[in-house]
Amino acid sequence: MNRGFSNTRYNPEDDKQQARRYQGPNVFLRLSKYLLAFRWTGLLAMLLVVAANVLALLGPYLSGKAIDAIHFDSVTKTANVDFPTVYRYCAYMVLFYLLSAGLSYIRSLVMTRFSQKITRRIRSESYNKLLSLPVAYFDKLQAGDVISRLSYDIDTINTSLTGDLVQILTSLITVTGAFVMMVSISWKMLLVFLITVPMSIFVTIKRSRMVRPLFRKRSAALGALNGYTEEILSGSKTIKAYGKEEEFARRYGVQNAQASEAYFMADYQAATIGPSVNFINNLSMAIISVAGACLFISGSMSFGAISAFILYGRKFSGPINEFSNILADLQSLRSASERVFTLMDEDPELPDDPDAVALTDVKGEIEFRNVKFSYVPEKEIIHGLSLKVPAGKTVAIVGPTGGGKTTIVNLLMRFYDRDSGVILLDGIPINKICRDDLRKAYTMVLQETWLMGGTVAENIAYGKKGATREEIEEAAKRAGIHKFILSLPKGYDTRMEDGGLNISKGQKQLLTIARSMLSDAKMLILDEATSNVDTRTEIKIEKAMLKLMEGKTCFVIAHRLSTVKNADMIMVVRDGDVVETGTHRSLLEQNGFYAELYRSQYV
């Protein structure tokens with residue numbers, strides 16, 4: 001697979017450098033822009049969080065009042081209970097807790113909607129970004145890794161926004177409210193937290209710094225595993241044909257073990273934060289209980305006040321413990337966001353030149369003038385190519401694998417930009433032509449076929465906007481697949497499975513050829529277009545192709561030299577150089593490299 005960008009040179013360090021831009025607060029600053037985009041929904045959710053937690057915070061206060069309504073006479077050993085007061089405070093508690101629960105339920109619905117809006121926008125922007133990226137961008141990443149960013153990483157963002165954001169706000173409200181209530185009850189007992197809270201903060205920060213890179217490694221490991229899984233699934237038939245199931249099972253086991261180890265290390269280190277902080281909080285509760293008992297004996301505090309203070313102490317220390325667990329999720333959120341934002345900030349294809357012209361009347365004359373190109377620096381693939389193809393002529397590009405045949409086509413389409421030299425279409429440098437117009441001037445039939453989910457007719461009509469059913473059927477007839485389509489359950493209205501998995505490779509190729517026949521483009525590129533069909537079908541297609549190619553400038557890449565005999569010119573490419581040019585007959589008479597290739601196939 002070719003490596004490189006169409007506009008820039010690929011450097012493996014680029015991803016790492018770009019990811020570093022989002023380490024630290026930059027990730028959360030970037031996420032905050034999405035939060036602000038749906039601020040009114042978010043504000044409603046926050047108001048519900050505040051209301052629900054304020055109502056819940058009144059519970060310990062009312063509980064303390066209810067306890068103080070019970071008076072114990074130490075002399076007579078009897079209790080005097082003010083039942084109306086106890087019932088009143090208990091009723092208030094039930095009412096407030098019910099209201100808090102109801103508001104929390106509504107808040108969860110609003111927050112779910114809020115997070116879904118954000119993640120939907122992030123996913124849409126990420127997908128739209130993919131469409132704007134150079135074709136060669138996908139050469140540097142496995143498809144599974146890209147899918148992982150669009151699915152797992154964005155789902156991680158969604159989960160964190162739904163749960164962690166609410167939990168953080170809840171914790172802030174609870175800690176603040178509990179602190180105020182404890183100050184009003186007894187500031188002396190509050191001094192215990194001056195020791196335990198800094199200890200909790202120190203442990204949390206220390207462990208979080210250790211956990212942060214582990215979550216980044218975990219996300220990368222999952223992306224690599226998904227990429228390898230996609231590779232295995234796409235090559236499952238080849239794996240079975242060569243009996244390599246056990247070998248690939250072993251390789252997958254290694255990848256799976258690495259991903260599992262990355263998960264374990266991240267989750268293990270994160271899991272140690274909670275118990276450590278919880279131990280410190282339990283210690284503080286023990287000290288508070290002892291201090292409260294002393295104050296009760298001295299008559300400085302009532303039993304109800306001590307009970308309320310301990311409950312508020314639990315509410316105060318509980319969120320601190322929960323926050324330590326949230327930090328682990330925040331590290332996962334940051335790692336996922338880094339990967340998504342790195343994708344979203346990749347450089348798109350360079351925009352058209354300000355003076356780029358639109359193509360109106362394409363004739364199809366192509367000329368290369370001393371064109372040089374390299375995918376990576378210091379490794380030139382095309383060495384000073386010069387070639388002129390008159391409009392309406394057919395050029396066959398042949399040669400050994402890796403010689404630069406497909407690269408020439410990629411340069412024609414501006415999937416990659418040449419390093420030097422110039423490529424002209426009808427006398428105009430292609431970098432001075434609007435990229436969309438340039439690519440619409442071509443029709444491509446590739447060796448790797450692609451069919452979208454939809455009907456057979458929709459797949460063929462993809463080659464021409466607004467194509468009629470008559471035009472679709474005529475294209476299918478010319479491609480020699482009309483009878484096969486009619487044999488399908490619903491004919492042209494039969495729905496294709498994803499990627500055309502319910503038909504053979506040869507039939508898929510014929511459908512893509514029919515698609516190209518429907519196009520009005522003046523130039524045609526055939527990259528091993530008949531490689532997946534049998535000899536008899538190939539002959540039928542070649543006859544149809546001759547009609548299709550009439551009046552068009554055609555570039556044909558082929559390894560099977562029988563398909564290029566009738567080309568107006570054959571260009572033999574070897575190691576990035578055009579070593580021979582001529583017709584089939586003249587090249588055989590030269591008895592050079594082309595003749596050697598031809599004899600190796602047919603003699």
Side-chain angles (χ1 to χ4, degrees), residues 1-11 134-140 347 349-350 353 364-391 393-433 435 438-439 441-442 444-448 523-529 553-559 561 564 567-582 587 590 592-594 596-597:
M1 182 177 290
N2 294 328
R3 296 277 172 186
F5 286 97
S6 60
N7 303 311
T8 59
R9 293 294 170 261
Y10 172 60
N11 184 346
V135 171
Y137 168 79
F138 303 97
D139 288 342
K140 73 168 185 173
D347 294 329
E349 283 188 313
L350 292 176
D353 286 349
E365 181 181 274
I366 295 292
E367 183 176 0
F368 286 77
R369 292 181 183 172
N370 196 30
V371 173
K372 298 181 180 180
F373 174 75
S374 57
Y375 289 112
V376 294
E378 302 177 358
K379 192 176 181 181
E380 198 170 76
I381 301 297
I382 303 297
H383 316 293
L385 173 62
S386 294
L387 175 71
K388 187 171 184 178
V389 182
K393 298 299 182 179
T394 298
V395 177
I397 307 173
V398 301
T401 301
K405 302 185 299 297
T406 301
T407 299
I408 292 174
V409 171
N410 287 335
L411 292 175
L412 285 172
M413 299 286 290
R414 285 197 70 192
F415 291 151
Y416 301 85
D417 279 342
R418 76 280 179 275
D419 294 339
S420 62
V422 63
I423 304 174
L424 301 102
L425 169 58
D426 294 342
I428 306 172
I430 62 173
N431 59 302
K432 298 296 183 181
I433 299 174
R435 190 179 283 107
L438 173 67
R439 292 174 180 171
Y442 289 93
M444 295 185 71
V445 180
L446 305 178
Q447 180 179 5
E448 297 179 1
M523 294 181 289
L524 179 66
I525 294 175
L526 305 174
D527 188 352
E528 296 290 345
T553 305
C554 304
F555 293 86
V556 181
I557 298 176
H559 286 105
L561 301 185
V564 302
D568 297 303
M569 180 175 63
I570 298 174
M571 184 169 62
V572 184
V573 179
R574 185 179 187 182
D575 297 328
D577 290 313
V578 178
V579 295
E580 293 176 355
T581 58
L587 289 175
Q590 291 179 25
F593 185 62
Y594 177 83
E596 181 183 338
L597 287 176

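- In this structure, the separation between OG1 on Thr407 and CD1 on Ile397 is 10.0 Å, given to the nearest 0.5 Å.
- By the salt bridge (charged side-chain N to carboxylate O under 4.0 Å, His left out) test, Lys372 is found to be paired with no residue, residues two or more places apart in sequence or in another chain being considered.
- For the atom pair Asn410 CG and Asp417 CG, the distance stands at 11.5 Å (nearest 0.5 Å).
- Distance check, rounded to the nearest 0.5 Å: CG of Leu425 to CD1 of Ile433 gives 4.5 Å.
- At least one donor-acceptor pair under 3.5 Å links the side chain of Asp419 to the backbone N or O of Ser374.
- Panel note: side chain Asp426, backbone Glu365; a donor-acceptor pair is recorded below 3.5 Å.
- Across all their heavy atoms, Glu380 and Phe373 have their closest contact at CG-O, 3.5 Å.
- Distance check: Ile557 CD1 to Ile525 CD1 gives 7.5 Å after rounding to the nearest 0.5 Å.
- Residue Met569 holds its CE atom at 10.5 Å from CG of Leu587, rounded to the nearest 0.5 Å.
- Judged as a side-chain hydrogen bond (donor to acceptor under 3.5 Å, both in side chains), and not counting sequence neighbours, Gln590 has no contacts.
- For Glu367, the salt bridge (charged side-chain N to carboxylate O under 4.0 Å, His left out) criterion is met by Arg369, not counting sequence neighbours.
- The two residues Leu424 and Ile430 come nearest to each other via the heavy atoms C-CG2, 4.3 Å.
- Contact of the Met523 side chain with the Leu412 side chain is not registered, since no non-hydrogen atoms from C-beta on lie closer than 4.5 Å.
- Considering only residues two or more places apart in sequence or on other chains, Asp353 meets the salt bridge (charged side-chain N to carboxylate O under 4.0 Å, His left out) condition with Lys432.
- Contact detail for Phe368 and Ile423: the closest heavy-atom pair is CE2-CD1, 3.6 Å.
- A donor-acceptor pair is defined here as one N or O able to donate and one able to accept, closer than 3.5 Å; such a pair exists between the side chain of Glu580 and the backbone of Tyr594.
- From Asn431, atom CG reaches atom CZ of Arg418 across 4.5 Å, with rounding to the nearest 0.5 Å.
- The shortest distance between side-chain heavy atoms of Ile408 and Phe555 does not fall below 4.5 Å.
- Under the 3.5 Å distance criterion, the side-chain polar atoms of Thr394 are left unmatched by any main-chain donor or acceptor of Asp568.
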